[in-house]
Amino acid sequence: MNIPDNDMLHSFYASYSERVERVKEVMKRPLTYAEKVLYAHLYDAVELKPYRRGVDYVNFRPDRVAMQDATAQMALLQFMNAGKEQVAVPASVHCDHLIMAELGAGHDLSKARSSNREVYDFLKSVSRKYHIGFWGPGAGIIHQVVLENYAFPGGMMVGTDSHTPNAGGMGMVAVGVGGADAVDVLTGQPWELKMPRLIGVRLTGKLSGWASPKDVILHILGLLTVKGGTNAILEYFGEGAKSVSTTGKATICNMGAELGATCSLFPYDDNTDEYLCKTGREEIAAMARRNARHLSADAVVYADPEKYYDEVLEVDLSKIEPHLNGPFTPDAATPISQMKAKGPANDYPMKVEVGLIGSCTNSSYQDMSRAASVVQQAIEKNIPVKAELIVNPGSEQIRYTAERDSILSDFEKVGATVMANACGPCIGQWNRHTDDNQRKNAIVTSFNRNFRRRADGNPNTYAFIGSPELTVALAIAGRLDFNPATDGLLDRDGNTVFLDEPSGLTFPPKGFAVGDKGFIAPAEGQQDIEVAIDPSSERLQKLEPFEAWNGKALEDMPVLIKVQGKCTTDHISMAGPWLKYRGHLQNISDNLLMGAVNTFNGETDYVKDQLDATYKKVSTVAKDYKAHGIGSVVVAEENYGEGSSREHAAMEPRYLNVKVVLAKSFARIHETNLKKQGMLALTFADKADYDKVQEDDKVSVLGLEHFAPNEQFVITLRHADGTVDRFKANHTYNELQIEWFKAGSALNYSKNNR
């Protein structure tokens, strides 16, 4: 741990229990663990009062910020405009998203350092200038590195990645946010969040056989769906929780993002203590032990959870079986025992072509160890591996230790390719070598998301999510419907053999080891560093502030696109090859909504330009409207903006003069990102009004001059035939967020009111 973190941690734990006791005095009732952490992090202690869950906006003071390289670019470009000499809280940048997986770690890392040199140099220099820790390319995936080095029980962190809640496995309230939210924390301003609802998840029993922590969250996704956790914290408890390792808990919390949850967390227990000690943080473990009483909910809460949580789920771990979730959405949950029937019935391609292990969700030593135990059986029992295997270790510490302990060599013996310690295929950074990138095929991953085109750009790749050990088993079998608990395999001599249950070690017997972590600690007195951005660069571009609202009504705006069906941030601002433009708003805006399906013709990236009645790319039409001084409107369905925290999905339409996004509902992070960038995020008061929107409509928002919390707007649609439809739209803006809109963005507002 670096010195600033130690100072922060000592200060935090010295006052944490006292702050929680003060909260209990004010609340006059027992507290859940999430409430203890939330209320202990109020921005101003004088604001301590009971807040209404799901209703009241609250100002918080997080302890630290974590940023991955793709989103850090825009976050730090915004921070540079804030006029600060250094960050107000400990912060780190992790170079994990821009490394293309292709031939193996050595080749891929060398190529990434060359092709991304401009971005890495920018991030390194900004980090040095503003006192930020820098984890270079190859150091590891942000959330595994955070768990190993920064996460601590009772803390609060924001991160510019939607899977920041991974740290909930260590007992943190860790929330994925857009870069503008991160800038609030980096500049010492209040970070605003609607007080989350609380979903208690009682775990009983114990996992056994092929079941893993990954299967717990895959099961819960099937119960709650991708919207089920919106504006809520999932708080796990119960005897079953104590049987899950810290990295297993992190896996469960990580994929809470797929539920739309604000975050998830587990209470402090002996596993937490052991993980801290095994990763060299004995001093933090000692401080946590002294505060242990307030690093979990009060006993009364656990005894009568229905009284204290808004919703309670019961999950018996002993009944959990391995799952495969997918394709195309992480909540399509299928127990592996049902795939024999479900696969053919849904015309899934049953041959598994690639098994991919890693990602921020499942790349711990325990994950690697259990997966390797299955690989070892293929070697020992002379079973051929039918599918290609790809492995992405979670961090250099994991890779180094796994190599020392011969785990990686076991994978290599069956032909697996060990890629760099990076996100790789999980974020679309995969140069997949295939005969046809449009061909229907199936892959199995231990990742967290499986949206269409996400891993390899092929719209016909059916991606299924499972645990690392199940991924290996299915790669060995080469079929989606192989159930390792019941089905046999043929060895090379034609004999039927069976795989034993996976086994593995939570921690390496010889301890963790690493040569060079790839870390540059925050430097003192570096304000004179020049952060150079070449004006001709195609990858980096200084940000110009968005214009403030001119006080005029929004009238007669054309519909840029009416989106049909699921529209994630991948659809709005694709990753993959577009990641290279994450620091250049103008260039990346060329991918605006290119993956969204146009309701009026069923096609992607093909919409009508009302100025000349021809069909063009979405970004081309938006540019045309912008060039003529015309604002436009995006109309969408449920959970618009699901997925990644990438604020580019909000900044791109803002840059191209989209004024309003009118949806049936929003994903939490994306709605906040739209507000932060000075846009109107509105929802249909009656969702059936979505059907009234026609291709040639001119849209007006009435009542903007009276913009106020809880006040509806009236939307008018002037159709091409001269008829008009009117209906009401809702919003969730509070008074501060309305000021963001008027100022043109939250950053504009904060600069104007320094």
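Values below: all heavy atoms of this structure, side chains included; hydrogens, waters and symmetry mates excluded.
- Using a 4.0 Å cut-off between charged nitrogen and carboxylate oxygen, Glu35 and Arg53 count as a salt-bridge pair.
- Cation-pi geometry between Arg281 and Phe152 is not met at under 6.0 angstrom from the ring centre and within 45 degrees of the axis.
- The neighbour count for Glu735 CD, taken as heavy atoms of other residues, nucleotides or ligands under 6.0 Å away, does not exceed 12.
- In this structure, Leu147 and Tyr275 have side chains that are in contact, with non-hydrogen atoms separated by less than 4.5 Å.
- Using modelled atom types, one side-chain atom of Asp215 and one backbone atom of Ser212 make a donor-acceptor pair closer than 3.5 Å.
- Between Glu21 and Arg293 there is a salt bridge, since at least one side-chain N of the basic residue sits less than 4.0 Å from a carboxylate O of the acidic one.
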Worked verdict on Thr187 versus Gln189 for side chain to side chain donor-acceptor pair (under 3.5 Å): CA-CA 6 Å; Thr187 56; Gln189 298 179 80; 2.9 Å; yes
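- Between Tyr268 and His294, a ring centre-to-centre spacing not shorter than 6.0 Å is recorded.
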Val175/Arg668 under side chain to side chain contact (heavy atoms under 4.5 Å, CB included): CA gap, chis, key distance, verdict: CA-CA 11 Å; Val175 183; Arg668 175 192 62 84; 3.6 Å; yes
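- In terms of heavy atoms, Pro62 sits closest to Val158 at CG-CG1, 4.0 Å.
- The two residues Asp161 and Thr164 have their closest heavy-atom pair at O-OG1, 2.6 Å.
- Put simply, the side chain of Asn149 reaches to within 4.5 Å of the side chain of Lys517, judged on heavy atoms.
- In this structure, the separation between CE on Met157 and NE2 on His41 is 11.0 Å, given to the nearest 0.5 Å.
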Step-by-step side chain to side chain contact (heavy atoms under 4.5 Å, CB included) determination, Leu198 to Tyr308: CA-CA 8 Å; Leu198 299 180; Tyr308 299 98; over 6 Å; no
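- The side-chain heavy atoms of Ile520 and Ser127, taken from C-beta on, include no pair separated by under 4.5 Å.
- In this structure, the side chain of Ser11 does not engage the main chain of Asp7 through any donor-acceptor pair within 3.5 Å.
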Criterion salt bridge (charged side-chain N to carboxylate O under 4.0 Å, His left out) on Arg29 and Asp298, from CA distance to verdict: CA-CA 10 Å; Arg29 63 168 176 79; Asp298 292 325; over 6 Å; no
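- Under 4.0 Å is where a charged nitrogen must lie from a carboxylate oxygen, and between Lys510 and Asp405 no such pair does.
- Remark: the backbone N or O of Ala297 is paired with a side-chain donor or acceptor of Tyr302 at under 3.5 angstrom.
- Side-chain contact between Val185 and Val89 is present, with heavy atoms from C-beta onward closer than 4.5 Å.
- Distance CE/Met170 to CG/Leu295: 11.5 Å, rounded to 0.5 Å.
- Note on ring orientation: taking the six-membered ring where Trp is involved, the planes of Tyr13 and Tyr16 are perpendicular (angle over 60°, cut-offs 30° and 60°).
- Looking at every heavy atom in both residues, Gly178 comes nearest to Ile669 through N-CG2, 4.3 Å.
- Side-chain contact check for Glu396 and Asn421: at least one donor-acceptor pair (N or O, by modelled atom type) lies under 3.5 Å.
- The cationic group of Lys84 does not satisfy the cation-pi geometry with Tyr130, failing either the under 6.0 Å distance to the six-membered ring centre or the 45° limit from the ring axis.
- Inter-residue side-chain proximity for Pro196 and Leu38 is flagged as met; some heavy-atom pair is nearer than 4.5 Å.
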Glu647/Gln78 under side chain to side chain contact (heavy atoms under 4.5 Å, CB included): CA gap, chis, key distance, verdict: CA-CA 12 Å; Glu647 65 186 336; Gln78 292 177 85; 2.8 Å; yes
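- The distance from atom CZ of Phe12 to atom CZ of Arg64, rounded to the nearest 0.5 Å, is 13.0 Å.
- A side-chain donor-acceptor contact under 3.5 Å links Thr569 to the backbone of Ser644.
- Looking at heavy atoms from C-beta onward, Leu76 lies in side-chain contact with Leu123 at the 4.5 angstrom threshold.
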Side chain to side chain donor-acceptor pair (under 3.5 Å) assessment of Thr272 paired with Lys249: CA-CA 10 Å; Thr272 321; Lys249 291 170 182 171; 4.7 Å; no
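- Sparse packing is recorded around CG of Asp270, with 12 or fewer heavy atoms of other residues, nucleotides or ligands lying under 6.0 Å away.
- Cation-pi geometry between Lys676 and Trp740 is met: under 6.0 angstrom from the ring centre, within 45 degrees of the axis.
- Ring geometry, Trp191 versus Phe60: the interplanar angle falls from 30° to 60°, so the pair is classed tilted.
- Applying the side chain to side chain contact (heavy atoms under 4.5 Å, CB included) test between Val216 and each of Ile252, Val244, Val201, Thr251 identifies Ile252 as the sole match.
- Counting heavy atoms of neighbouring residues, nucleotides and ligands inside a 6.0 Å radius, atom CZ of Phe507 exceeds 12 of them.
- The two residues Ser264 and Gly256 make their nearest non-hydrogen contact at OG-CA, 3.9 Å.
- Of the possible polar contacts, one joining the Lys214 side chain to the Gly466 backbone as a donor-acceptor pair under 3.5 Å is found.
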CA sep, side-chain torsions, deciding dist, call: Asn291, Ser17, side chain to side chain donor-acceptor pair (under 3.5 Å): CA-CA 6 Å; Asn291 287 269; Ser17 288; 2.7 Å; yes
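- Around atom CD of Glu306, more than 12 heavy atoms belonging to other residues, nucleotides or ligands sit under 6.0 Å away.
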Glu192 and Asn734: CA distance, side-chain angles, deciding distance, side chain to side chain donor-acceptor pair (under 3.5 Å) verdict: CA-CA 11 Å; Glu192 183 187 66; Asn734 60 24; 2.7 Å; yes
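- The structure places OG of Ser364 at 6.0 Å from CD1 of Ile398, a figure rounded to the nearest 0.5 Å.
- Relative orientation of the His163 and His143 rings is perpendicular, given thresholds of 30° and 60° on the angle between their planes.
- In this structure, the side chains of Val23 and Lys36 stay at 4.5 Å or more apart for every pair of heavy atoms.
- The shortest side-chain heavy-atom distance between Asp44 and Asn59 does not fall under the 4.5 Å cut-off.
- Among the candidates Arg646, Glu642, Glu258, Arg449, the single residue satisfying the side chain to side chain donor-acceptor pair (under 3.5 Å) test with Ser162 is Arg449.
- Ring pair Phe237/Tyr309 is parallel by interplanar angle, where below 30° counts as parallel and above 60° as perpendicular.
- Applying the side chain to side chain contact (heavy atoms under 4.5 Å, CB included) test between His94 and each of Asp69, Val145, Ile141 identifies Val145 as the sole match.
- Atom NZ of Lys24 has more than 12 neighbouring heavy atoms from other residues, nucleotides or ligands inside a 6.0 Å radius.
- Checking side-chain atoms of Asn325 against main-chain N and O of Leu218 turns up a donor-acceptor pair under 3.5 Å.
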